[in-house]
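Heads up: the structure comes next, in structure tokens.
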2 protein chains.
Amino acid sequence: MKLYSYWRSTTSYRVRVALNLKGLSYETRPVNLVAGEQSAPDYTALNPGRGVPTLDLGDGTLLTQSLAIIEYLDAIAPEPRLLPEDPLQRARVQAAAQTIAMDIHPVNNLKVMVYLKAHMGLTTKGQLAWFRHWMTEGFAAYQALLPEGATFSFGDTPDLADICLVAQLYNAHRWGVDMSPFSRLLEIEERALSLTAFNDARPENQPDAA
Amino acid sequence: MKLYSYWRSTTSYRVRVALNLKGLSYETRPVNLVAGEQSAPDYTALNPGRGVPTLDLGDGTLLTQSLAIIEYLDAIAPEPRLLPEDPLQRARVQAAAQTIAMDIHPVNNLKVMVYLKAHMGLTTKGQLAWFRHWMTEGFAAYQALLPEGATFSFGDTPDLADICLVAQLYNAHRWGVDMSPFSRLLEIEERALSLTAFNDARPENQPDAA
């Protein structure tokens, strides 16, 4: 498989973790978002949404959108499971994952920052406040969705929600979010990053890390 | 079942369509987002993300996040299917749905507009430009993901992608998006809205419509 991705993209980070947990090998094809490579015609032919990641299954079959990709991987390589089979438990894990993937990530995306700077005079200080606001709100909601007694978010092995969480926490640290209300989330992060599958997927461990 | 929802919320609209397509009856519990009812303690106890919809399965079991809810409904009431069983086809429908649910909807959400007005002086004109920008980009990506020859987005019956599309098109019309590049999407919308399940779910047909 070939993973078109960017080292600092949290959606790319999610798919890297999933591939690693499943033991599926892949080649990284870097797409430099800061240089605008996601808008080059060669790439938009692969991903009309001009985003990362894009997964080439190896035969030219292309998948986009990190959560759709991870659910596909969970179907074709079910061990270890990243989503529960039970519909109710599955819905709970997905709701937590989507709290990060829909309520935090899209509004903090690079393309949104570019728009706010170009059209609304967003300052560096304003950007920090923006990032911190949406992450603080989203992490509070995420933490409130978690059951008692699990060592990861929902169980004793990492799932889709943990993957989304750990990738987002990279941004939280990068942008100086006050994590003092979220000790449960930091414990999950520490446990996850002690696993090779997560550690190898960290932004700084990618071939295109600058 | 009880659906906590707001008439104009496109995420509520999605779940209404899914419930109607499945023939599952529900009571509407209006949550007035403009009046801030999503932040009332009684409601945040149900939905810590302070959003709609929330689905009470009838026994007090609560589900949040529209896509997680719809996937749950598709598991417990599989006819008609809203997501294909085949993993690859499923990933394609989900990627299209997520193009709307992640790349368009979150950045145009009411809470984002409130923040931009309060902190960045967003004007009415700026808001319109913002809405139109993200919808135009997202619809272009969505349309490019569709196969040839289907009468709905991916097949001859509506699926999760169609549900997300039709709900988002309500906002597109409301905010005057130029839909001339998207005739395929308008054809899908017309076909969908001719079905009772979609028509009954339209914002203007809800008990809390103002």
Side-chain angles (χ1 to χ4, degrees), chain A residues 11 44-45 47-51 55 57 61-76 83 85-88 90-99 101-107 109 111-112 115-116 119-122 126 129-130 133-134 137-138 140-145, chain B residues 11 44-45 47-51 55 57 61-76 83 85-88 90-99 101-107 109 111-112 115-116 119-122 126 129-130 133-134 137-138 140-145:
Chain A
T11 54
T44 63
N47 186 326
R50 303 176 180 211
L55 185 66
L57 299 182
T61 302
L62 299 163
L63 294 182
T64 63
Q65 294 287 351
S66 61
L67 267 55
I69 292 171
I70 295 173
E71 193 168 326
Y72 171 80
L73 296 174
D74 209 38
I76 62 156
L83 282 161
E85 280 188 284
D86 175 71
L88 189 60
R90 186 178 182 95
R92 287 186 167 138
V93 171
Q94 286 192 322
Q98 290 168 15
T99 295
M102 299 199 192
D103 294 344
I104 298 178
H105 174 263
V107 290
N109 212 343
K111 63 187 174 186
V112 176
Y115 186 101
L116 287 173
H119 299 281
M120 297 193 63
L122 183 73
W130 172 272
H133 175 78
W134 301 113
E137 283 218 333
Y142 184 96
Q143 194 166 255
L145 290 171
Chain B
T11 54
T44 62
N47 186 327
R50 304 178 180 209
L55 185 66
L57 299 182
T61 302
L62 298 164
L63 294 182
T64 64
Q65 294 286 353
S66 61
L67 267 54
I69 293 171
I70 294 174
E71 193 168 325
Y72 172 80
L73 296 175
D74 210 38
I76 62 155
L83 282 161
E85 279 188 284
D86 175 71
L88 190 60
R90 186 179 181 95
R92 288 188 165 137
V93 171
Q94 286 191 322
Q98 289 168 16
T99 296
M102 299 200 191
D103 294 343
I104 298 179
H105 174 262
V107 289
N109 212 344
K111 63 187 174 187
V112 176
Y115 186 102
L116 287 173
H119 298 280
M120 298 195 61
L122 183 73
W130 172 273
H133 175 78
W134 301 113
E137 284 217 333
Y142 184 95
Q143 195 166 253
L145 290 171

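The chains referred to below are lettered A, B, ... by the order of the sequence lines, with proteins before strands, and numbering in each begins at 1.
Considering only heavy atoms from C-beta on, A:Leu88 comes within 4.5 Å of B:Leu63 through its side chain. Between B:Met102 and A:Asn109, every side-chain heavy-atom pair lies at or beyond the 4.5 Å cut-off.
Chain B forms the most heavy-atom pairs under 4.5 Å with one residue out of A:Ala75, A:Ala91, A:Ala140, and that residue is A:Ala91. Options B:Gly49, B:Pro87, B:Gly138 differ in how many heavy-atom pairs under 4.5 Å they form with chain A, and the most are formed by B:Pro87. Contact tally against chain A (heavy-atom pairs below 4.5 Å) for B:Gln143, B:Arg50, B:Lys111: the top residue is B:Lys111.
Considering every non-hydrogen atom in both A:Pro48 and B:Ala141, the closest pair reads O-CB, 3.7 Å. The shortest non-hydrogen separation linking A:Thr64 to B:Ala95 is O-CB, 3.4 Å. Here the closest heavy-atom approach between residue A:Arg92 and residue B:Leu62 is recorded as NH2-O, 4.3 Å.
Both the backbone and the side chain of B:Ala129 come within contact range of chain A, judged by heavy atoms closer than 4.5 Å. Only the side chain of B:Glu71 has a heavy atom closer than 4.5 Å to any heavy atom of chain A. Contacts between B:Trp130 and chain A at a heavy-atom distance below 4.5 Å involve backbone atoms as well as side-chain atoms. Contact of B:Ile104 with chain A is not made at all, since no heavy-atom distance falls under 4.5 Å. Of the atoms belonging to B:Tyr142, not a single heavy atom falls under 4.5 Å from chain A. For B:Leu122, the parts lying near chain A are the backbone and the side chain together; criterion is any non-hydrogen pair under 4.5 Å. Within the 4.5 angstrom heavy-atom criterion, only side-chain atoms of B:His133, from C-beta onward, approach chain A.
Remark: A:Gln94 CD to B:Ile70 CD1 distance equals 11.5 Å, nearest 0.5 Å. Distance check, rounded to the nearest 0.5 Å: CG of B:Leu67 to CG of A:Leu67 gives 9.0 Å.
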